[in-house]
Visitor: 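Could you have a look at this structure, given as structure tokens, before my questions?
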Amino acid sequence: IGEIRRHLRDNNSVRVSRSLRDLAYKAMQAKERLINQNAKEPTVDEIAKEIGMKKEDVVLALEAIVEPMSLYEPVYS
Amino acid sequence: MKPINSMRLSFEGKSVNEAFARTAVAAFVTQLDPTIEELSDIRTAVSEAVTNCIVHGYRDRIGTVYITANILTDNRITIRIRDKGCGIADIEKAMEPMFTTAPNEERAGLGFAVMQSLMDKVRVTSKEGRGTTVVLTRRISCKEA
Amino acid sequence: MKPINSMRLSFEGKSVNEAFARTAVAAFVTQLDPTIEELSDIRTAVSEAVTNCIVHGYRDRIGTVYITANILTDNRITIRIRDKGCGIADIEKAMEPMFTTAPNEERAGLGFAVMQSLMDKVRVTSKEGRGTTVVLTRRISCKEA
Ligand SMILES: Nc1ncnc2c1ncn2[C@@H]1O[C@H](COP(=O)(O)OP(=O)(O)O)[C@@H](O)[C@H]1O
Ligand SMILES: Nc1ncnc2c1ncn2[C@@H]1O[C@H](COP(=O)(O)OP(=O)(O)O)[C@@H](O)[C@H]1O
Ligand SMILES: [Mg+2]
Ligand SMILES: [Mg+2]
């Protein structure tokens, strides 16, 4: 358990809001890279592998960025 | 068709929960290994449906929003979004692009149109005074080997 | 204390849903803007509790796992994870580090110890033949200006 804690300590006290934004940015860059490489849309799993993250983190991160679809995003807040 | 996996979700109809709802649905859909674009389509459609529950269904109070998601054998996902709010008198009219009962919002009247353009199927049932149910269906592309 | 926000979640006790459950809880907790470490602690604890429902509670069948999460006024979150499985005969013993009824698993017997080390409070109630409920509580640190 101490080991788990120590492992996590690197990221200590960085707020999720910021870190997810960074991760989302990395994911979108990886997506572009993979599209150029393979000429097709990568899956979430492939993107996660490309940047060495868990796919559940990529899914969480997607919330942090304004997507190209934002044309349609509702504006309630 | 019996689903191969399913989940249920309910939460208070507050706008802070919209992000939670679409991310939770996305997390469930992720087991089919979608592309970011597919995931983003689903999130947007879920958002529109949840927003409708909050803004229209429970227009003058905070009520509970219910979501059920099923994964079917042919890589299809169905998502049912339900409120127990005021209901819709004329569904056909409500679904017309640009029709809205809340004309002061920005980009009003396009919620159903957005859902229809992003999903394979959108089914709406409603009873005045009882509530509204929207069922979204979308097939996730299979990976080629 | 009345929660300021809450959600409910239920899903089939299949291991593919473990990632879904912890991600959904994480998506809910995110509204408090926790640190990465706090979020990761919560995800790990939820994982352990959900795994226990699947592996022990529903040891010989697939049952439904129920999660309720509440956000309280003082930046505290409580997460209740429940199964309707076999229950625990001696809770005190079950919570001892290294105690396990499934000794063939890796890192056996440490689930409750992990939950206790990562959460502020872990409360377990159970009835044999009726099921088990684990309530995890954790305070999220406030942001400095
Ligand atoms: N869940 C709901 N409960 C009650 N009325 C609804 C619901 N969803 C949609 N409606 C009705 O349908 C209309 C059209 O919805 P939509 O296409 O999303 O546009 P908008 O939300 O911008 O008005 C709404 O203005 C409202 O009258
Ligand atoms: N949800 C549950 N239903 C029934 N028994 C449980 C449940 N959770 C825990 N237990 C019992 O408590 C023991 C200890 O749990 P834990 O500390 O997580 O270790 P492990 O899961 O590795 O055995 C389990 O071996 C099991 O006997
Ligand atoms: Mg709308
Ligand atoms: Mg365990």
Side-chain angles (χ1 to χ4, degrees), chain B residues 1-34 36 38-40 42-44 46-47 50 53-54 58 61-73 75 77-84 140, chain C residues 1-34 36 39-40 42-44 46-47 50 53-54 58 61-73 75 77-84 140 143:
Chain B
M1 199 189 308
K2 211 188 156 309
I4 45 176
N5 198 3
S6 64
M7 68 90 164
R8 266 160 198 285
L9 189 61
S10 62
F11 53 90
E12 292 168 50
K14 298 175 172 173
S15 59
V16 65
N17 287 334
E18 209 188 286
F20 157 65
R22 65 177 171 234
T23 304
V25 171
F28 187 68
V29 176
T30 298
Q31 65 189 279
L32 291 179
D33 199 18
I36 295 233
E38 286 166 335
L39 217 47
S40 150
I42 289 171
R43 286 153 52 104
T44 305
V46 168
S47 252
V50 169
C53 298
I54 298 174
Y58 298 123
R61 60 185 170 113
I62 288 178
T64 305
V65 179
Y66 304 84
I67 295 184
T68 315
N70 288 315
I71 289 173
L72 308 177
T73 37
N75 247 36
I77 171 123
T78 66
I79 305 156
R80 209 184 67 188
I81 296 122
R82 191 162 62 89
D83 67 63
K84 296 183 178 175
I140 302 298
Chain C
M1 198 189 312
K2 210 188 157 309
I4 45 175
N5 198 4
S6 63
M7 69 91 166
R8 267 159 199 284
L9 188 61
S10 62
F11 53 90
E12 292 167 50
K14 297 176 173 174
S15 58
V16 65
N17 287 334
E18 205 192 290
F20 158 65
R22 67 173 173 243
T23 308
V25 171
F28 187 68
V29 175
T30 297
Q31 65 189 278
L32 292 178
D33 199 15
I36 297 280
L39 196 62
S40 150
I42 290 171
R43 281 155 72 165
T44 305
V46 168
S47 252
V50 170
C53 298
I54 298 174
Y58 298 123
R61 61 185 169 113
I62 288 178
T64 306
V65 179
Y66 305 84
I67 296 185
T68 314
N70 288 314
I71 291 175
L72 307 177
T73 38
N75 248 34
I77 172 127
T78 66
I79 305 157
R80 208 183 68 187
I81 296 123
R82 190 162 63 89
D83 67 64
K84 297 184 176 172
I140 302 298
K143 264 184 288 199

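Convention: sequence-line order gives letters A, B, ...; per-chain numbering from 1.
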Visitor: Tabulate, in ascending numerical order, the residues of residues 61-70 of chain C having at least one heavy atom closer than 4.5 Å to a heavy atom of chain B, or enter 'none'.
Guide: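 Interface residues of residues 61-70 of chain C: none, nothing closer than 4.5 Å to chain B.
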
Visitor: Once you round to the nearest 0.5 Å, how far does CG of L39(C) lie from CD1 of I140(C)?
Guide: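 So the gap between those two atoms works out to 7.5 Å.
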
Visitor: Heavy-atom pairs under 4.5 Å with chain B: which of T30(C), V25(C), V16(C), N17(C) has the most?
Guide: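 Highest number of pairs under 4.5 Å: N17(C).
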
Visitor: CD1 of I77(C) to CG of L72(C): how many Å apart, nearest 0.5 Å?
Guide: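 Separation between the atoms: 8.0 Å.
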
Visitor: If you apply the rule side-chain contact (heavy atoms from CB on, under 4.5 Å), what do you find for R43(B) with T23(B), and how did you get there?
Guide: CA-CA 7 Å; R43(B) 286 153 52 104; T23(B) 304; 4.1 Å; yes

Visitor: Distance check, rounded to the nearest 0.5 Å: E18(C) atom CD versus C53(C) atom SG?
Guide: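 The distance works out to 10.0 Å.
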
Visitor: Report the distance from atom OG of S6(B) to atom NZ of K14(C), rounding to the nearest 0.5 Å.
Guide: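 If we round to the nearest 0.5 Å, S6(B):OG and K14(C):NZ are 7.0 Å apart.
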
Visitor: Please confirm whether the backbone N or O of F28(C) pairs with a side-chain atom of Q31(C), one donor and one acceptor, at under 3.5 Å?
Guide: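 Flag set: sc Q31(C) to bb F28(C) pair under 3.5 Å.
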
